[in-house]
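For reference, the structure is listed below as structure tokens.
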Amino acid sequence: MSERYNAPATEAKWQQYWQQNQTFKAVTDTSRPKYYALSMLPYPSGRIHMGHVRNYTLGDVVARYKRAMGFNVLHPMGWDAFGLPAENAARGNKTHPATWTYSNIKVMKAELQSMGLSLDWDRELATCDASYYKHQQKLFLDFLKAGLVYRKEAWANWDPVDNTVLANEQVIEGRGWRSGALVEKRLLSQWFLNITSYSEDLLQSLKTLDRWPDKVRLMQENWIGKSEGAYVNFAVAGKSEKVEVFTTRPDTLFGASFVAISANHPLAKKLAEKDETLAAFCAECNRTGTSIVDIEKGEKKGFDTGTRVVHPFDSSWTLPVFVANFVLVEYGTGAIFGCPAHDQRDLDFARKYNLPVKAVVLPEGENAATFAVGDVAYTGDGKAFNSQFLDGLGTVEALKAAIKKIEELGAGKGTVQYRLRDWCVSRQRYWGCPIPIIHCEHCGAVPVPEKDLPVALPEDITLDKAGNPLDHHPTWKHVTCPQCGKPAVRETDTCDTFVDSSWYYARYCSATCEDKPVDPKDVDYWLPVDQYVGGVEHAILHLLYARFFARAMKATGHLKIDEPFVGLFTQGMVCHESYKDETGAWLYPEEVKRNPDGSGVHAQTGRPVTIGRIEVMSKSKKNVVDPGKIIKLYGADTARLFMLSDSPPERDIEWSEAGVEGSWRFIGRLWRLLDKVAAPTNEKDSADKALALRQMIHRTIADFTGDIERFHFNRAVARAREMTNALESFEGDAAALREGVETLVRLLNPMLPHITEEIWQQLGHATPLVQGTWPKADPALLVESTTTIAVQVNGKLRATITIPKEAPPKAIEEAALAEAGVKRAMEGKAVKKIIVVPNKIVNIVVTG
RNA sequence: GCGGGCGUGGCGGAAUCGGUAGACGCAACGGACUUAAAAUCCGUUGGGCGUAAGCCCGUGGGGGUUCAAGUCCCCCCGCCCGCACCA
């Protein structure tokens with residue numbers, strides 16, 4: 001009897017082996033087929049969390065599987081190391097953001113290494129390292145030269161007490177999170193990346209990403225938000241000015257009852273100068289946060305400016321102009337016309353301010369004389385009516401005719417509009433990549449010469465003062481202009497951290513290249529990423545920005561590809577029950593003891609505990625389980641197996657102690673198979689049994705492989721369990737048993753890399769599994785001679801029959817009719833029809 | 001608000017194409033081994049009726065298409081995620 005499986009010792013042994021032999025070192029080798037498996041890089045927040053364990057387990061299974069399939073695999077890891085939390089931690093703990101970040105990286109790297117991931121650590125990068133952001137600054141300057149970067153005024157959340165710019169998450173119910181002051185919007189001159197110049201390409205190219213989840217492609221499509229419509233000018237009555245609106249429904253112009261403009265529209269500003277009430281209203285609009293949720297969820301409010309505009313199709317018809325809090329200056333022209341009958345928001349607005357509601361699109365089956373709009377707008381297609389020259393046209397034709405007329409009248413033109421906005425990359429913060437620009441009074445914004453890169457962050461900063469430390473640093477920003485040599489100042493904005501993570505996948509390919517961001521000989525071999533794995537929360541922004549960066553890097557000669565990730569998998573989140581004590585304070589799972597009846601008490605005090613919902617693990621709710629503890633207690637293989645069992649990877653998973661125990665038990669059962677191989681019960685040697693087992697083995701190889709290919713890891717685990725059950729109860733041929741156990745550990749190796757290596761070695765193999773190949777199913781063992789099919793009478797199951805696979809329909813029918821259960825169900829009834837689907841089902845339809 | 005997703009036993013889930021609903025696991029219960037416990041092993045386990053054979057019901061709710069619906073269509077309910085300065 002062998003000893004109980006010693007996970008810590010075995011895992012340490014193999015991790016050491018992999019490290020010493022540089023097993024996972026990837027080398028550019030154009031003679032071999034490559035496979036780039038990438039998991040999203042973590043933010044070094046302190047310790048790894050279960051979401052990381054899940055993400056990196058999934059990625060590692062792919063990497064190890066592809067390696068066994070014979071690919072030259074690149075599987076790197078790094079750190080998304082700039083960002084707000086480091087500054088917050090620094091303010092709270094009086095540690096420098098760099099100290100905090102690098103010590104977190106050290107801890108988290110050790111934790112990741114204990115997971116047994118097949119990573120090439122030689123390519124590790126941290127985005128906060130000057131050796132990384134130096135190249136990012138170079139890319140920024142290249143983009144600037146290529147016309148992909150520009151500067152314009154944009155709104156930011158402004159805390160008037162702390163005198164600082166706030167992130168959306170720092171604005172809580174309209175107030176600054178620290179000061180509690182009402183947050184204002186303030187215009188700042190900021191840097192933008194011209195992502196909208198690729199709007200159409202980013203949209204069209206989604207169609208080629210057939211290995212992306214449909215939902216992510218759909219989300220991106222909606223985000224880009226292409227809409228066809230028209231710009232239409234409404235002349236201000238009695239003035240030479242005009243208000244240009246954008247509309248997707250010019251066919252409903254005859255139903256217009258007002259024009260609404262943004263509080264930041266030039267006309268609104270001009271009118272507000274002479275109208276204090278309007279100015280106050282505009283100021284109120286500007287207090288709501290910059291996020292769309294605030295705008296859309298908040299009450300729709302308007303202010304009648306008293307100004308009227310002339311309808312483009314009828315000079316005798318004028319409409320009121322409102323300033324409205326739901327019109328965004330950034331989108332379209334910052335002005336809309338309202339057609340209450342055919343737009344819900346316009347309808348709500350019209351009812352609130354007693355504006356006319358005139359229907360101009362008649363739904364099919366409705367009568368023009370009686371059709372009226374109540375509280376629900378009609379937004380569908382129909383026939384135009386009450387619309388002069390458009391009357392009788394369908395919506396599509398009416399759209400075309402309306403645009404044609406607008407263009408004839410010189411009142412506007414047909415256009416395509418995208419919801420996508422240019423990407424504001426300026427952040428008024430310290431812990432980010434400095435934007436390599438020098439502002440000179442005489443020369444304007446001057447790029448930092450490449451020889452002066454990197455523009456490094458100063459280390460001696462003060463974070464206890466409000467505002468941007470780069471701005472109030474005594475010396476850092478004061479430089480001379482590279483062009484005229486006169487005194488000038490550095491740009492003190494740093495980059496949005498999404499910039500850092502928009503090209504790291506390319507940098508990994510030539511991680512140590514010093515003189516340029518990427519080396520063509522590396523990126524041209526490794527890119528694109530074959531399989532990218534990460535959280536669905538990045539479905540829009542990160543992935544869109546990275547797609548843009550690939551295009552921009554192509555335009556500036558760094559890459560040859562458009563699409564960085566040809567395969568994408570988005571995993572679900574890790575959830576856990578949450579707990580609160582009597583005072584409403586959150587409790588950690590280990591502080592709670594569960595009673596048999598399901599109720600919970602505090603483990604130490606015995607006081608009652610409220611068991612809350614199962615929700616995404618988060619530090620704020622304390623419903624977290626530390627992966628480090630789990631790995632110490634059960635080993636990495638158990639943690640990995642838990643992550644792969646039961647739940648499909650794209651869905652949310654609930655962490656449970658019982659589930660971990662179950663995974664741990666399976667590890668024990670695998671280990672005990674060694675005893676079984678060592679002491680085979682060979683005497684009852686039956687050829688039939690051996691054949692049946694071998695058929696099962698090879699069926700499992702085929703199905704398991706298919707499941708891995710399709711990311712159905714939970715099903716693959718279930719099949720491995722079924723095979724384990726079969727091997728445990730198998731009595732007979734020793735060779736077949738050995739074949740089964742060896743196949744099982746080869747299949748499970750990408751999931752459970754440590755124990756499978758150990759079993760493989762104990763079975764007497766000198767070459768480790770990691771150098772081995774993937775099992776192949778023997779086609780001869782996959783064919784089955786008989787099949788079991790269901791027999792239904794009127795759609796209800798009455799019997800099953802087992803018959804030869806190629807049995808003719810006639811024979812299947814006869815066998816079905818001969819079944820006792822079938823006869824009973826058919827008693828006294830006449831056969832109407834018999835449906836025979838070979839290998840599947842027989843359905844006998846009877847009367848009565 | 002807009003956009004996206006999900007809903008199947010006590011629980012996580014399985015069901016490749018519309019064709020045997022509940023694979024596999026967890027939990028629970030019963031048993032074996034043990035002085036005992038742990039570990040391990042064996043068995044039972046969707047609900048209802050029935051001594052049994054068997055029958056009926058059942059995939060969030062309602063309707064529809066079909067010989068046949070968890071799967072397709074329409075309506076409704078509930079939950080979750082994203083919304084551009086969190087990453």
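Just so we're on the same page: letters track the sequence lines, and every chain starts at 1.
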Is K352(A) paired with D348(A) through a side-chain N to carboxylate O contact shorter than 4.0 Å?
-> no

Which nucleotide in C86(B), C81(B), C85(B) has an atom nearest any side-chain atom of M573(A) | C81(B)

R710(A) side-chain proximity, nearest of U16(B), G25(B), C17(B) = U16(B)

Atom-to-atom span, CD of Q571(A) to C1' of C81(B) - whole angstrom | 13 Å

Hey, do the aromatic rings of F82(A) and Y133(A) have their centres closer than 6.0 Å?
-> yes

Taking F548(A) as the fixed residue, which of F498(A), Y198(A), W503(A) is the one that meets the ring pair (Phe, Tyr, Trp, His ring centres under 6.0 Å) rule?
-> Y198(A)

With both distances kept under 3.5 Å, what pairs with C55(B), Watson-Crick or G-U wobble?
-> G48(B)

In whole angstroms, the gap separating P of C83(B) from CD1 of I224(A) amounts to 17 Å

Touch class at under 4.0 angstrom, heavy-atom based, for R798(A) against every strand present = sugar-phosphate

So what does H542(A) touch, heavy atoms closer than 4.0 Å: a base, only the sugar-phosphate, or nothing?
-> nothing

Ignoring the backbone of E728(A), work out which of C41(B), C55(B), C80(B) is nearest its side chain.
-> C41(B)

Using both distances under 3.5 Å as the test, list the Watson-Crick or G-U wobble partner of U40(B), or none.
-> A32(B)

With rounding to whole Å, what would you report as the distance between A52(B) and G63(B) at their P atoms?
-> 34 Å

Could you check if the base of C17(B) is syn or anti? Syn means the glycosidic torsion is within 90 degrees of 0.
-> syn

Counting Watson-Crick and G-U wobble pairs only, both distances under 3.5 Å, name the nucleotide matched with G1(B), or none.
-> C83(B)

Hey, does T788(A) reach any base, or is it just sugar-phosphate, or nothing, if we go heavy atoms under 4.0 Å?
-> base

When we call it a touch if two heavy atoms are under 4.0 Å apart, what does R721(A) touch: a base, just sugar-phosphate, or nothing?
-> sugar-phosphate

Selection from G13(B), C24(B), G25(B) that lies nearest to any side-chain heavy atom of R669(A) | G25(B)

Describe the nucleic acid contact of I844(A) in one word from base, sugar-phosphate, nothing, applying a heavy-atom distance below 4.0 Å.
-> nothing

Does the distance from a Lys or Arg side-chain N to an Asp or Glu carboxylate O, for R427(A) and D493(A), drop under 4.0 Å?
-> no

Just to confirm, is there a sub-4.0 Å distance from OP1 or OP2 of C85(B) to any side-chain nitrogen or oxygen of R427(A)?
-> yes

Given the C1' atoms of G7(B) and U71(B), what is the spacing between them in whole Å?
-> 14 Å

Does R91(A) pair with E87(A) as a salt bridge, N-O distance under 4.0 Å?
-> yes

Please state how far atom OH in Y418(A) lies from atom C1' in A84(B), giving the value in whole angstrom units.
-> 19 Å

Could you tell me the separation between the CH2 atom of W655(A) and the P atom of C11(B), rounded to a whole number of Å?
-> 21 Å

Would you indicate what K796(A) reaches in the nucleic acid, counting non-hydrogen atoms under 4.0 angstrom: base, sugar-phosphate, or nothing?
-> sugar-phosphate

How would you label the glycosidic angle of G13(B): syn (within 90° of 0) or anti?
-> anti

May I ask you to say what R651(A) touches in the nucleic acid, namely base, sugar-phosphate or nothing, with a heavy-atom cut-off under 4.0 Å?
-> sugar-phosphate

May I ask you to say what E654(A) touches in the nucleic acid, namely base, sugar-phosphate or nothing, with a heavy-atom cut-off under 4.0 Å?
-> nothing

On a whole-Å scale, what distance lies between the C1' atoms belonging to C11(B) and A28(B)?
-> 11 Å

Nearest-Å distance for atom pair CG/P, residues L670(A) and U40(B) = 13 Å

Looking only at atom P, what distance separates A84(B) and U16(B), rounded to whole Å?
-> 39 Å

Return the minimal non-hydrogen interatomic distance between Q190(A) and W155(A), and the atom names on each side.
-> NE2-O, 3.8 Å

Looking only at C85(B), G19(B), C24(B), the nucleotide nearest the I841(A) side chain is G19(B)

Return yes if the base of C26(B) and the side-chain atoms of E661(A) contain a donor-acceptor N/O pair under 3.5 Å, otherwise no.
-> no

Write down the distance separating the C1' atoms in A39(B) and U44(B), rounded off to the nearest Å.
-> 22 Å

By nearest nucleotide on RNA chain B, pick out whichever of V216(A) and A825(A) is the more 5' one.
-> V216(A)

Output one line per pair: protein atom, nucleotide atom from nucleotides 62-68 of chain B, and distance, for all N/O pairs under 3.5 Å.
residue : atom : partner : partner atom : Å
C67(B)  : O2'  : N843(A) : ND2          : 3.2
C67(B)  : O2   : N843(A) : ND2          : 2.6

Taking all non-hydrogen atoms of both residues, which atom of T800(A) and which atom of A790(A) are closest, and how far apart?
-> CG2-CA, 4.3 Å

For atom CZ of R419(A) and atom C1' of C83(B), their distance in whole Å = 7 Å

Got a donor-acceptor pair under 3.5 Å from the side chain of N222(A) to the base of G3(B)?
-> no

Is the F349(A) to F326(A) ring centre distance short of 6.0 Å?
-> yes

Which whole-number value in Å describes the distance from F349(A) CZ to G1(B) P?
-> 19 Å

Start with the C-alpha gap between D500(A) and S502(A), add the side-chain angles, then the distance that decides, and say whether side chain to side chain donor-acceptor pair (under 3.5 Å) holds.
-> CA-CA 6 Å; D500(A) 313 338; S502(A) 288; over 6 Å; no

Using a 4.0 Å heavy-atom cut-off across all strands, classify F498(A) as base, sugar-phosphate, or nothing.
-> base

Below 3.5 Å, does any donor atom in the side chain of Q190(A) face an acceptor in the base of C85(B), or the other way round?
-> yes

Would you classify P42(A) as touching base, sugar-phosphate or nothing, given that sugar-phosphate means primed atoms plus P, OP1 and OP2, and contacts are heavy atoms under 4.0 Å?
-> nothing

Quick one: look up who G7(B) pairs with, Watson-Crick or G-U, both distances under 3.5 Å, and put none if it's unpaired.
-> C77(B)

Of all the choices, C85(B), A27(B), U20(B), which nucleotide is nearest to the side chain of R665(A) once you look at every atom?
-> A27(B)

Report the nucleotide, chosen from U20(B), U40(B), G4(B), that has the shortest atom-to-atom distance to any side-chain atom of R672(A).
-> U40(B)

Is any NZ, NE, NH1 or NH2 atom of the basic residue among R798(A) and E819(A) found under 4.0 Å from an Asp or Glu carboxylate oxygen of the other?
-> no

Taking only the side-chain nitrogens and oxygens of T497(A), find out if one of them lies under 4.0 Å from OP1 or OP2 of A87(B).
-> yes

Is the F192(A) to W423(A) ring centre distance short of 6.0 Å?
-> no

Quick note, N725(A) side chain, CB onward, closest among U20(B), G25(B), A87(B) is G25(B)

NA contact type, I834(A), heavy-atom cut-off 4.0 Å: base, sugar-phosphate, or nothing?
-> nothing

D214(A)/R217(A) salt bridge by N-O under 4.0 Å criterion = yes

Which part of the nucleic acid does S645(A) contact within heavy-atom distance under 4.0 Å: base, sugar-phosphate only, or nothing?
-> nothing

In whole angstroms, the gap separating P of A14(B) from NE2 of H712(A) amounts to 8 Å

Name the nucleic acid region contacted by S656(A), choosing base, sugar-phosphate or nothing; use a 4.0 angstrom heavy-atom cut-off, strictly under.
-> nothing

By nearest nucleotide on RNA chain B, pick out whichever of A658(A) and L797(A) is the more 5' one.
-> L797(A)

If pairing means Watson-Crick or G-U wobble with both distances under 3.5 Å, then the partner of C67(B) is G19(B)

